[in-house]
Visitor: 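This structure is in structure tokens; I'll ask about it shortly.
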Amino acid sequence: MIPFNIPPFAGPEMEYLRQACEVNRKISGDGEFTKQCRAWLEEQTGTAACLLTTSCTHALEMAAHLIQIGQGEEVIMPSYTFVSTADAFVLRGAVPVFVDIRPDTMNIDEKLIEDAITDRTRAIAVVHYAGVGCEMDTILEIARRHHLFVIEDAAQGVMATYKGKALGAIGDFGCYSFHETKNYSMGEGGAILLRDGVYLEDAEILREKGTDRSKYYRGQVDKYSWKNYGSSYLPSELNAAYLMAQLTVAQEINEVRLARWEQYREELSELEQAGRIELPYIPGECRHNAHMFYIKCRDLEERTALIGFLKDREILSVFHYVPLHSAPAGRRFGRFSGEDRYTTGESERLLRLPMFHQLTEEQVSYIAENVREFYRNR
Ligand SMILES: *Cc1c(COP(=O)(O)O)cnc(C)c1O
């Protein structure tokens, strides 16, 4: 069976875990490995600061707290996304305002954002679907004119860029995920990227139960106290050790993934040319990270048949994201601005093929051959 995903495992993970336990003797948060991950991420993205978190969901939640979004205030976002993009703001009583996506990248359609702005709008939360950047220059310009925060859900975007800038480092706040389904993992975990260092102190307090314990650890204060509301958003050293093992070979992992992605594209291009399927589009200003390889079938019925066909040949393919505006909580907490021209229709056609670091060339050939076989018989 070819699984849909295998969690990334680079090799040194067990040695790093051993070091955390036996050498550093520190397994709670903010130890040596957390520091190394932070330094790596800050260097890689060029942000003022980057804090590891317990998930991307929690990084988004931190962003919602940091901008102090209030009851009834609005956040513009795509409906075609994971629930966390909306959840983080809904927890503070804010209203997700869903905007349609572009069918080419499946990202929020930047041309529709301005129509969704009201006098209650506080932020735009963009999602870089499949590690392919949104049209950020346009989005930042709209945000600047309307005094809105830009929060990037870059859960899928580690090591990807837009006009040479790291995804997650372009808006006011960026959120990464290191869940086991992402390109680099710590089991469960994530990071918040702060473009502006002025938020660092608040972010550290928020992440450490509302205390200034981070300052205390650095010897900047001689005792720590309760400063503000907060929660526990810092991950353990064990998770950070696991992640660091992959960050040290991040470039190699990225190259292998990109090679498999290219291979899929080449081996399926004849189906695309024949007009049977559509393949992902990467805008010229974006460098993606092969987070995902998807195809678009003609319709839902064809996609369901293809999933079954591949499953019979021991290949697991998946679809995802029932658009949030049609989910029970989405209907209760949010609203759709404008027309759903593409969100539902495109999401019903999209099929994700297996993509993970350890996927082999032979497996990609086998999967592509079976997709071609399906269309030969149709
Ligand atoms: C995976 C993912 C998340 C959630 O990440 P966690 O680390 O599991 O909280 C949020 N948004 C998007 C777009 C994702 O793909």
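Both ligands and their constituent atoms are indexed starting at 1 by order of listing.
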Visitor: With a 4.0 Å cut-off on heavy atoms, is H58 touching ligand 1?
Guide: no
Visitor: I need the atoms of ligand 1 closer than 4.0 Å to a non-hydrogen atom of V127, numbered in the order shown.
Guide: 13 (C)
Visitor: So between H179, K182, Q156, whose heavy atom ends up nearest atom 2 (C) of ligand 1?
Guide: K182
Visitor: What pairs of donor and acceptor atoms, side-chain ones from residues 94-107 against any protein atom, are under 3.5 angstrom apart with sequence neighbours left out?
Guide:
from: D100; atom 1: OD1; to: Y342; atom 2: N; distance (Å): 3.4
from: D100; atom 1: OD1; to: T343; atom 2: N; distance (Å): 2.9
from: D100; atom 1: OD1; to: T343; atom 2: OG1; distance (Å): 2.5
from: D100; atom 1: OD2; to: R341; atom 2: N; distance (Å): 2.8
from: D100; atom 1: OD2; to: Y342; atom 2: N; distance (Å): 3.0
from: R102; atom 1: NE; to: D104; atom 2: OD1; distance (Å): 2.9
from: R102; atom 1: NH1; to: E110; atom 2: OE1; distance (Å): 3.4
from: R102; atom 1: NH1; to: E110; atom 2: OE2; distance (Å): 3.2
from: R102; atom 1: NH2; to: D104; atom 2: OD1; distance (Å): 3.4
from: R102; atom 1: NH2; to: D104; atom 2: OD2; distance (Å): 2.8
from: T105; atom 1: OG1; to: N107; atom 2: N; distance (Å): 3.2
from: N107; atom 1: OD1; to: Y129; atom 2: N; distance (Å): 2.8
from: N107; atom 1: ND2; to: V132; atom 2: O; distance (Å): 2.9
from: N107; atom 1: ND2; to: G133; atom 2: O; distance (Å): 3.3

Visitor: Is there a polar contact between ligand 1 and S177, counting only N or O atoms under 3.5 Å apart?
Guide: yes
Visitor: Report, in ascending order of atom number, the atoms of ligand 1 lying under 4.0 Å from any heavy atom of Y321.
Guide: 13 (C), 15 (O)
Visitor: Can you pull out every ring-ring contact (aromatic ring centres under 6.0 Å, His included) where at least one residue sits in residues 247-266? Sequence neighbours excluded, please.
Guide: W261-H288, W261-F293, Y264-F293
Visitor: Of the backbone atoms (N, CA, C, O) and the side-chain heavy atoms from C-beta on, which set of A155 has a member under 4.0 Å from an atom of ligand 1: side chain, backbone, both, or neither?
Guide: side chain
Visitor: Note the single closest protein heavy atom to atom 3 (C) of ligand 1, along with its residue, its atom name and the distance in Å.
Guide: F82 CD2, 3.6 Å
Visitor: Is it true that the side chains of T54 and E188 contain a donor and an acceptor less than 3.5 Å apart?
Guide: no
Visitor: Less than 4.0 Å is my threshold; does some heavy atom of G189 fall inside it relative to ligand 1?
Guide: yes
Visitor: Kindly say whether the aromatic ring centers of F309 and F374 come within a distance under 6.0 Å.
Guide: yes
Visitor: When you check the side-chain N and O atoms of N239 and S236, is any donor under 3.5 Å from an acceptor?
Guide: yes
Visitor: Can a donor-acceptor pair be found between the side chains of Q156 and H128 at a distance below 3.5 Å?
Guide: no
Visitor: In the protein, which heavy atom is nearest to atom 9 (O) of ligand 1, and how far is it?
Guide: T57 OG1, 2.5 Å
Visitor: Between K296 and E346 (salt bridge meaning N to carboxylate O under 4.0 Å), is one present in this structure?
Guide: yes
Visitor: What about D153: any of its N or O atoms under 3.5 Å from an N or O on ligand 1?
Guide: yes
